[in-house]
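Quick notes on the structure that follows.
Protein chains get the first letters and strands the later ones, always in sequence-line order, with residue 1 at the start of each.
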Amino acid sequence: MSLRNYLHSLITPALNSEMLFGNEPIVLEIPQQTSHGDFSTNIALLLAKKANKNPRALAQTIAASLQPDEAVIEKIEIAGPGFINFFFKKEYLANSLKDIFIQNESYGKSQKYIGKKANVEFVSANPTGPLTVGHGRNAVIGDTIAALLEWVGYSVDREYYFNNAGRQMRMLGDSVKLRYLQQLGDEFEFPEGHYQGGYISDIAKQLLAEFGDSLRDEPVEGKFKEAAEREIFKELKGTLKRLGIEHKAFYNENSLYEEGKISSLLDHFQKTGLSYEQEGAIWLKLAELGNDADKVIVKSTGEPTYRLPDIAYHITKFERGYDLIIDLFGSDHKATYPDVLAALKSLGYPVERVQVLIHQFVTIIKDGEVVKMSTRKANYVTLDELVDEVGVDVTRYFFNMRSIGSHMNFDLDLAKKQSDENPVFYLQYAHARICSIIRNAEEAGLESSTDSLYILQSPEEQALIKELLLFPDVVLYAAEIFEAQKVTTYLREAAEAFHKFYTFCRIIGVEKNLSRARLSLAIAAKIVISNGLRLLGVSAPERM
RNA sequence: GCGCCCGUAGCUCAAUUGGAUAGAGCAUCAGCCUUCUAAGCUGGGGGUCGGUGGUUCGAGUCCACCCGGGCGUACCA
């Protein structure tokens, strides 16, 4: 049982016995100052108003009816305006480290959502060009959220959705065809609005090599589009794989048409009177469903807009039985989802299972100037370039360090310069240090032991112990609010606690029982750090 | 114009989702290696938390209004 859970089970009956049935959840937080205890609750402050009592007096009443285990709790204090502060027995905290050894590589995982299925859709960039640094943020965040969900029990499918039926992909195919014709000797100016990237010419060159001039009359949507989609995807998948990211499924728009899902959805809308025709287009009555305005779902050209396949696609997610459906995309797609959700709701699907996560953009600064990214204009810094420069670990850690709502600035030159001093090395260094100690201990014939953990009572030892015991709480919390950045913040603190412990507490060469206990503590720290890094997809080197 | 997001140290970002004296990294200054990895540790300087009001025991966090920036506001995705 975690420390938090213990306190929870301590406080709940006390509140009941005092007839304090508030809806307020019992929040247990860790005070900034150690003099305020290991944990603190503000429950008396929250309940004081309802009970119409003085908060300090109420805190006294609650504290008096607590029945703490003397082997666990050192003391309970009332402080400030009415906080109840809890101090654990040092021996109890130290002995709690045993849980870490028992669970080992699983320490940090929990069972809360066992049996639940989640779908995490991320990246979902259309295959029109290489992944950029901006996509990198989405890719890393999505993959880490998926990992977090797995750690708390979900069975998770990582999914990538892309549109290959619309105008954008036709434009791509056309770009390839025009380059192909140029390579055949046709002279004309390449249109400004088409895809300018060099990879377009490369694909055209391959087609030329394979088919000669036989594709002169090939429609754009045939070999040209097919080749572009295939080749670009090959690249995309390679980039993702470098970062340790693999999607279980690539779901494409075309398949929705082929399986008749689009037409049957359209039929349904028409039958139920949710759509109507106007000016040659078919509109969805979104205003009636509470949104801003009706929107077109089939253009007057007969071609659906992205909304229709998006809705059909999400229906498949419900049909596939997911308990949690996560859509992660950049703020430029902000406008698309309210329509989709409203439509799904009107169709009777439990939209509360859908969590739409929106991350803000990455502003790239190169040579002191902001890079305005555009795939069409071939103006971008690719994710591959970034990984080439700083490596996988730094890339993954960097994106996970920031909350998804931050409009992050990314100075490429600074990133290169500072990659040696990136915070990820701080964690990896702690891990490598511990590994080194373990090697030295083996050589010295020292074995770790949990028999004498109670000895660990110095401030540095206790601080590290408390930090390590928090790990499962942090993972659960991060998973429930879908924020991996809570984990990076925590790991930095855990590594800091270790480095301080290391500085002040010698492990090898002190009294035998102390030596064994400290070695155990170091090993526990290694377990937490390596588990945390694994969760983030960052390597935990044994030597640096 | 309207909607969403953001504004915290010189720079890049945190802040236990309303808690007690706002913290890290980089940069900067001063210390610490004849003993387990100095990619580390200790200490200093650096802040009107964009601004003004409000809500309450308590606000960086919630509300209103301003200022500044990002992204949307399609018969593109």
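The phosphate of B:rC71 (OP1 or OP2) has no side-chain N or O of A:Ser331 nearer than 4.0 angstrom. The phosphate of B:rU37 has neither OP1 nor OP2 within less than 4.0 Å of any side-chain N or O from A:Tyr426. Here A:Gln32 reaches the OP1 or OP2 of B:rG23: one of its side-chain N or O atoms lies under 4.0 Å away. Regarding contacts with the backbone of B:rA74, every side-chain N or O of A:Lys299 stays at 4.0 angstrom or more from both OP1 and OP2. Contact annotation: A:Lys486 side-chain N/O to B:rA15 OP1/OP2 distance is under 4.0 Å. Between B:rG70 and A:Thr363, no contact under 4.0 Å exists linking OP1 or OP2 to a side-chain N or O. Neither OP1 nor OP2 of B:rC36 sits under 4.0 Å from any side-chain N or O of A:Arg518.
Separation of the C1' atoms belonging to B:rC41 and B:rG50 is 37 Å when rounded to the nearest angstrom. The separation of B:rU28 from B:rU73, taken at their P atoms, amounts to 44 Å, rounded to a whole angstrom. For the C1' atom pair drawn from B:rA59 and B:rC2, the interatomic distance equals 29 Å after rounding to whole Å. To the nearest whole angstrom, the two P atoms, one in B:rC13 and one in B:rU17, are 24 Å apart. For the P atoms, the distance from B:rC63 to B:rG70 is 23 Å, rounded to whole Å. For the P atoms, the distance from B:rC65 to B:rG25 is 39 Å, rounded to whole Å. Comparing the P positions of B:rU8 and B:rA15 gives a spacing of 14 Å, expressed to the nearest Å.
Using a 4.0 Å heavy-atom cutoff across all strands shown, A:Arg543 reaches at least one base atom of the nucleic acid. A:Gln33 comes within 4.0 angstrom of a base, heavy atoms only. Within the nucleic acid shown, A:Glu483 comes within 4.0 Å of at least one base atom, counting heavy atoms only. Among the atoms of the strands shown, only primed sugar atoms or phosphate atoms (P, OP1, OP2) are found under 4.0 Å from some heavy atom of A:Arg167. In this structure, A:Glu303 reaches neither bases nor backbone, as no heavy-atom distance under 4.0 Å exists between it and the strands shown. Residue A:Thr489 is in sugar-phosphate contact alone, with no base atom involved, counting any heavy-atom pair closer than 4.0 Å across all strands shown. Within 4.0 Å of A:Ile481, counting heavy atoms only, lies at least one base atom of the nucleic acid. A:Asn42 comes within 4.0 angstrom of a nucleotide base, judged by non-hydrogen atoms across all strands. Residue A:His36 is classed as a base contact, given a heavy-atom separation below 4.0 Å to a base. Among the protein residues, A:Lys466 comes within range of no part of the nucleic acid, since none of its heavy atoms lies under 4.0 Å from any strand. Note on A:Gly166: nothing from the nucleic acid sits closer than 4.0 angstrom, heavy atoms only. The residue A:Ala432 sits close to a base: some heavy atom pair falls under 4.0 Å. If you check every strand for non-hydrogen atoms under 4.0 Å, A:Asn409 touches sugar and phosphate atoms only. Within 4.0 Å of A:Ser406, counting heavy atoms only, lie sugar-phosphate atoms of the nucleic acid but no base atom.
When only modelled atom types and interatomic distance are considered, A:Asp327 and A:His333 share no side-chain donor-acceptor pair under 3.5 Å. At a cut-off of 3.5 Å, with distance as the only test, a side-chain donor of A:Tyr313 or A:Glu159 sits close to an acceptor on the other residue.
In the set B:rC36, B:rU16, B:rG40, the nucleotide with an atom closest to the side chain of A:His499 is B:rG40. The side chain of A:Asp332 approaches B:rC71 more closely than any other nucleotide in the set B:rG40, B:rU42, B:rC71. For A:Val296, the listed nucleotide lying nearest its side chain is B:rC75; candidates were B:rU16, B:rC36, B:rC75. Checking B:rG70, B:rU37, B:rC13 against every side-chain atom of A:Met408, the shortest atom distance belongs to B:rC13. With B:rG25, B:rA74, B:rA24 as the choices, the nucleotide that has an atom nearest any side-chain atom of A:Arg307 turns out to be B:rA74. Distance from the side chain of A:Ala281 is smallest for B:rC75 among the nucleotides B:rC75, B:rA20, B:rC36. Which of B:rC57, B:rA39, B:rC13 sits closest to the side chain of A:Pro81 comes down to B:rC57. The side chain of A:Arg402 approaches B:rC13 more closely than any other nucleotide in the set B:rA15, B:rC36, B:rC13. Set against B:rA20, B:rC71, B:rU37, the side chain of A:Lys372 has B:rC71 as its closest nucleotide. Listed nucleotides B:rC75, B:rC36, B:rG25 differ in distance to A:Ile437; the shortest reach to its side chain belongs to B:rC36.
To the nearest angstrom, P of B:rU37 lies 5 Å from CG of A:Asn440.
With a cut-off of 3.5 Å on both Watson-Crick or G-U wobble distances, the partner of B:rC41 is given as B:rG31. Across all strands shown, B:rA20 has no partner, as no Watson-Crick or G-U wobble contact with both distances under 3.5 Å is found. Both distances falling under 3.5 Å, in either a Watson-Crick or a G-U wobble arrangement, occur for no nucleotide opposite B:rA9. Using the Watson-Crick or G-U wobble rule with both distances under 3.5 Å, B:rC62 pairs with B:rG54. Using N1 to N3 plus N6-O4 or O6-N4 for Watson-Crick, or N1-O2 and O6-N3 for G-U wobble, each under 3.5 Å, B:rC2 pairs with B:rG72. Pairing for B:rG47 is absent, judged as Watson-Crick or G-U wobble with the two contacts each under 3.5 Å.
In this structure, B:rC33 is classed as syn because its glycosidic torsion stays within 90° of zero. Glycosidic conformation of B:rU73 is anti; the angle lies outside 90° of 0.
A:Glu480 has a carboxylate O that lies under 4.0 Å from a charged side-chain N of A:Lys112, or vice versa, which qualifies the two as a salt bridge. A:Arg170 and A:Glu303 are joined by a salt bridge, as a carboxylate oxygen and a charged side-chain nitrogen come within less than 4.0 angstrom of each other. Remark: A:Arg439 does not engage A:Glu443 in a salt bridge, criterion side-chain N to carboxylate O under 4.0 Å.
Taking the six-membered ring for Trp and thresholds of 30 and 60 degrees, A:Phe88 and A:Phe39 have ring planes more than 60 degrees apart, a perpendicular arrangement. Ring orientation note: the planes of A:Tyr337 and A:Phe329 are tilted relative to one another, at an angle of 30° to 60°. Taking the six-membered ring where the residue is Trp, A:Phe399 and A:Phe410 present tilted rings, their angle falling between 30° and 60°.
With hydrogens and angles ignored, a donor-acceptor pair under 3.5 angstrom links the side chain of A:Ser40 to the base of B:rA20. Residue-to-nucleotide contacts include no donor-acceptor pair under 3.5 Å from the side chain of A:Asn422 to the base of B:rA39. Looking at A:Gln360, its side chain has no donor and acceptor atom pair within 3.5 Å of the base of B:rC71. If you check distances only, the side chain of A:Tyr477 does reach the base of B:rU17 with a donor-acceptor pair under 3.5 Å. Judged by distance alone, with hydrogens and angles left aside, A:Ser300 brings a side-chain donor or acceptor within reach of the base of B:rC75, the pair sitting under 3.5 Å.
The aromatic ring of A:His407 does not sit over the base of B:rG69, since the test of centres under 5.5 Å and planes under 30° is not met. Stacking between A:Phe83 and B:rA20 is shown: the ring centroid lies under 5.5 Å from the centre of the six-membered base ring, and the planes differ by under 30°.
Between A:Ile507 and A:Ser403, the one whose closest nucleotide on RNA chain B sits nearer the 5' end is A:Ser403.
Considering CD of A:Gln360 and CZ of A:Arg402, their distance stands at 15.0 Å, rounded to 0.5 Å.
Note that A:Arg433 lies outside the cation-pi zone of A:Phe498, set by a 6.0 Å cut-off to the ring centre and a 45° limit from the axis.
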